[in-house]
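Computed from a predicted model, the values in this text were never measured in an experiment.
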Amino acid sequence: MIFRLSILGVLAGTVAFADPVFEDITSALPDHQYTGGWEHFVGGGVSAFDCSADRFPDLVAAGGTTPAILLKNVSNKGEIAFEPMPLLDEMTGITGAYPIDIDGDALLDLYVMRVGPDSVLRGGPDCSFTDVTVAWNIPQTDQWTTAFTAWWDDGADFPTLAVGHYVDRANPDGPFGTCDTQTILTPTGADTPSYTSKELAPGFCTLSMLASVDARGRKSLRISNDRHYYVSGGAEQLWDIQEGRFLGPDDGFPTVSLWGMGIASQDLNGDGKDELMLTSMGDQLMQIAQTDGTYANAPYDLGTYAHNPYLKGDGRPSTGWHATFGDVNNDARPDLFIAKGNVDQMPGMAMRDPNNLLMQDANGRFSEAGERAGLADTARSRGAALADFDGDGLLDLAVVNRRAPMRLYRNATADVGNAITIALEGAGGNKFAVGARVSVTASDMVQSQQVTIGGGHAGGTALPLHFGIGTGDQAQVSVRWPDGSQSDTIVAKAGERLTIRQTD
């Protein structure tokens with residue numbers, strides 16, 4: 001695997017791009033924090049999506065006991081600005097929210113995760129939302145929701161939703177050893193969404209879920225679990241969606257137990273298979289997709305374990321939360337941001353725990369750039385979003401912190417490569433083409449990204465795909481749509497935002 005990554009680095013040439021630089025522009029935000037007691041030790045997600053149809057990413061940030069906030073993007077190129085808006089009656093108890101077009105009207109809705117009954121908000125024009133929780137028959141339970149993902153079954157107009165729960169709050173023997181089960185919501189409505197629910201068990205205190213096409217080429221549900229509460233007998237889980245069963249060692253899925261908190265996925269070598277990053281307490285586990293459909297743990301020298309703070313003064317292990325890939329200098333090699341921070345006051349873990357920015361080099365290895373990039377914040381970070389907030393072709397960053405102000409950073413890196421942006425319009429009810437894979441060839445490198453909903457920690461992005469293309473002035477773009485059909489190859493020029501529509 002490392003050899004393949006090295007080959008891609010050689011093919012990309014030896015052009016040196018500048019070190020990343022991020023400017024802290026938190027003053028452009030209101031003072032928003034993720035607050036609360038032990039039920040809000042986890043969560044604190046932020047999601048980026050365009051709810052105003054102006055091509056600038058908007059944000060929704062969880063607040064815990066503080067009301068969640070909707071931040072409407074009112075930026076101009078080179079200047080990032082947001083207008084705060086309440087999220088429907090100043091909702092509280094929110095751990096995170098995921099943007100998803102449930103009803104197929106090409107407007108993004110929100111699945112809102114809460115400590116207590118969840119909510120679904122239907123998106124309308126100009127970032128307006130209507131509560132359709134009852135109308136769409138979303139279960140109203142007193143569970144503690146901490147994870148979400150979704151997929152479209154073949155031919156379905158509406159998505160299947162998977163909802164992950166943490167500790168069973170009603171169990172008097174808790175919290176240890178009292179992990180709650182998961183819920184699968186299956187669409188039954190013909191003209192408008194309506195859902196029936198079933199339990200997915202066992203549950204091992206889930207903190208992240210991701211539905212995607214895995215290394216086998218099959219649609220699966222990856223579940224990352226926190227062994228702090230399942231204590232023993234639990235593990236990471238992989239559920240085959242078509243077969244409706246959990247995979248195990250006999251299927252090439254070995255037992256792995258960790259303090260699972262977040263999932264990120266990205267094809268790092270252009271083979272059309274996504275690698276997985278699993279955040280945890282102690283270290284972060286990268287799993288490399290293999291040609292036989294299995295995964296292998298990354299070697300230590302790949303540079304992704306990020307197990308201790310890189311700032312001096314606290315040598316205790318780090319705690320990772322949200323992870324996200326993105327090419328922050330547009331050199332055609334995806335980089336990796338990891339939000340870090342102590343759960344609360346855990347004495348065995350670092351308290352001064354800065355966020356990571358791991359930059360990928362020409363050999364496919366990663367090295368720490370958080371401090372020199374200006375991202376070495378030591379607040380208790382939770383959720384994060386990499387997105388181009390001002391439309392200048394560079395990925396900026398928003399981070400939600402527990403009991404500390406949310407932060408916003410503008411990417412001010414000089415001497416960067418070129419980039420293209422790919423938006424998809426799917427056929428049928430799956431308007432955002434969830435499950436599609438976009439492949440890009442530029443500067444003699446092949447990249448691919450899969451369109452997914454879920455993963456991260458309590459939030460994610462639903463935006464056009466960003467591809468750095470290095471020194472290339474154009475790129476060859478193709479799409480494998482969710483139904484398996486393949487688009488013709490299209491040429492995108494450097495700096496172009498390309499929209500590709502699926503034909504019926």
Side-chain angles (χ1 to χ4, degrees), residues 28-29 45-62 68-88 96-112 120-130 148 150 159 324 326 383-400 406 408-411 419-426 429-434 436 438 449-456 459-467 479 492 495-502:
L29 297 178
V46 59
S47 289
F49 62 112
D50 183 6
C51 59
S52 56
D54 62 357
R55 296 192 173 188
F56 287 94
D58 308 296
L59 293 169
V60 61
I69 191 170
L70 173 64
L71 295 169
K72 182 179 176 182
N73 195 328
V74 292
S75 301
N76 295 311
K77 184 170 289 188
E79 180 181 356
I80 300 175
F82 287 93
E83 176 185 328
M85 302 172 65
L87 185 63
L88 202 70
Y98 283 87
I100 173 176
D101 180 13
I102 293 177
D103 59 352
D105 64 353
L107 296 173
L108 287 164
D109 314 305
L110 287 173
Y111 190 96
V112 180
V120 172
L121 308 182
R122 183 174 186 245
D126 201 23
C127 296
S128 61
F129 290 93
T130 304
F148 176 81
T324 183
L386 276 174
D388 181 4
F389 293 123
D390 55 359
D392 66 352
L394 293 173
L395 294 175
D396 309 299
L397 176 66
V399 183
V400 168
M406 179 179 177
L408 182 65
Y409 302 90
R410 185 180 72 87
N411 190 336
I420 60 171
T421 304
I422 307 299
L424 300 182
E425 293 184 6
N430 187 2
K431 291 292 192 296
F432 287 81
V434 174
V438 177
Q449 293 186 47
Q450 185 177 175
V451 181
T452 59
I453 293 171
T461 60
L463 294 168
L465 301 177
H466 175 98
F467 288 89
V479 182
E496 185 175 3
R497 175 185 167 124
L498 186 66
T499 298
I500 304 175
R501 297 176 176 84
Q502 182 181 12

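Rounded to the nearest 0.5 Å, atoms CG (Leu70) and SG (Cys127) are 5.5 Å apart. Between Thr130 atom OG1 and Arg122 atom CZ the span is 7.5 Å, to the nearest 0.5 Å. For the atom pair CG of Leu424 and CD1 of Ile500, the computed distance is 6.0 Å after rounding to the nearest 0.5 Å. Taking CG from Leu394 and CZ from Arg410, the interatomic distance works out to 8.5 Å, rounded to the nearest 0.5 Å. In this structure, CG in Leu465 is found 11.5 Å from CG in Leu498, a value given to the nearest 0.5 Å.
For Asp388 (side chain) and Leu395 (main-chain N/O), no donor-acceptor pair under 3.5 Å exists by modelled atom type. Listed for the Ser47 side chain is no donor-acceptor partner under 3.5 Å among the backbone atoms of Gly459. Under a 3.5 Å cut-off, the side chain of Asp396 and the backbone N or O of Phe389 do form a donor-acceptor pair. With Asp109 contributing its side chain and Gly123 its backbone, the two residues share a donor-acceptor pair below 3.5 Å. Without hydrogens or angle criteria, Asp101 side chain to Gly104 main chain gives a donor-acceptor distance under 3.5 Å. Side-chain atoms of Asn73 come within 3.5 Å of backbone N or O of Pro57 as a donor-acceptor pair.
Under the side chain to side chain contact (heavy atoms under 4.5 Å, CB included) criterion, Ala419 pairs with Asn330, His466, not counting sequence neighbours.
Using a cutoff of 4.0 Å between basic side-chain nitrogens and carboxylate oxygens, Lys431 and Asp105 are not scored as salt-bridged. Salt-bridge annotation for Asp50 and Arg55: absent, with no side-chain N of the basic residue lying under 4.0 Å from a carboxylate O of the acidic one.
For the pair Leu121 and Val112, the minimum side-chain heavy-atom distance is below 4.5 Å. Using a 4.5 Å cut-off on side-chain heavy atoms (C-beta onward), Phe467 and Val438 make contact. The closest side-chain heavy-atom distance from Val120 to Ile102 is below 4.5 Å. Within the 4.5 Å cutoff, no side-chain heavy atoms of Asn411 are placed close to those of Leu386. Considering only heavy atoms from C-beta on, Val399 stays 4.5 Å or farther from Met406 through its side chain. Side chains of Tyr111 and Ile453 form no contact here, defined as non-hydrogen atoms less than 4.5 Å apart. In this structure, Val60 and Leu87 have side chains that are in contact, with non-hydrogen atoms separated by less than 4.5 Å. Side chains of Phe49 and Cys51 form a contact here, defined as non-hydrogen atoms less than 4.5 Å apart.
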TODO: Check the pair Thr499 / Glu425 against side-chain contact (heavy atoms from CB on, under 4.5 Å), numbers first and verdict last.
DONE: CA-CA 7 Å; Thr499 298; Glu425 293 184 6; 3.6 Å; yes
TODO: Just do the side-chain contact (heavy atoms from CB on, under 4.5 Å) check on Val451 and Phe432 with the steps written out, would you?
DONE: CA-CA 8 Å; Val451 181; Phe432 287 81; 5.6 Å; no
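When all heavy atoms of Ala398 and Leu59 are compared, the closest pair comes out as CB-CD1, 4.0 Å. In plain terms, the two heavy atoms of Phe129 and Leu88 that are nearest each other are O-CD1, 3.5 Å. Closest of all the heavy-atom pairs between Thr421 and Pro464 is CG2-CB, 3.4 Å. Heavy atoms only, all atoms of each residue included: Leu108 and Pro99 are closest at CD2-C, 4.3 Å. For the residue pair Leu463 and Ala387, the shortest heavy atom distance occurs at CD1-CB, 3.6 Å. Of all heavy-atom pairs between Leu107 and Pro125, the closest is CD1-N, 4.4 Å.
Ring pair Tyr98/Phe148: centre-to-centre distance below 6.0 Å.
Inspection of the Ser52 and Asp54 side chains reveals an N or O donor paired with an N or O acceptor under 3.5 Å.
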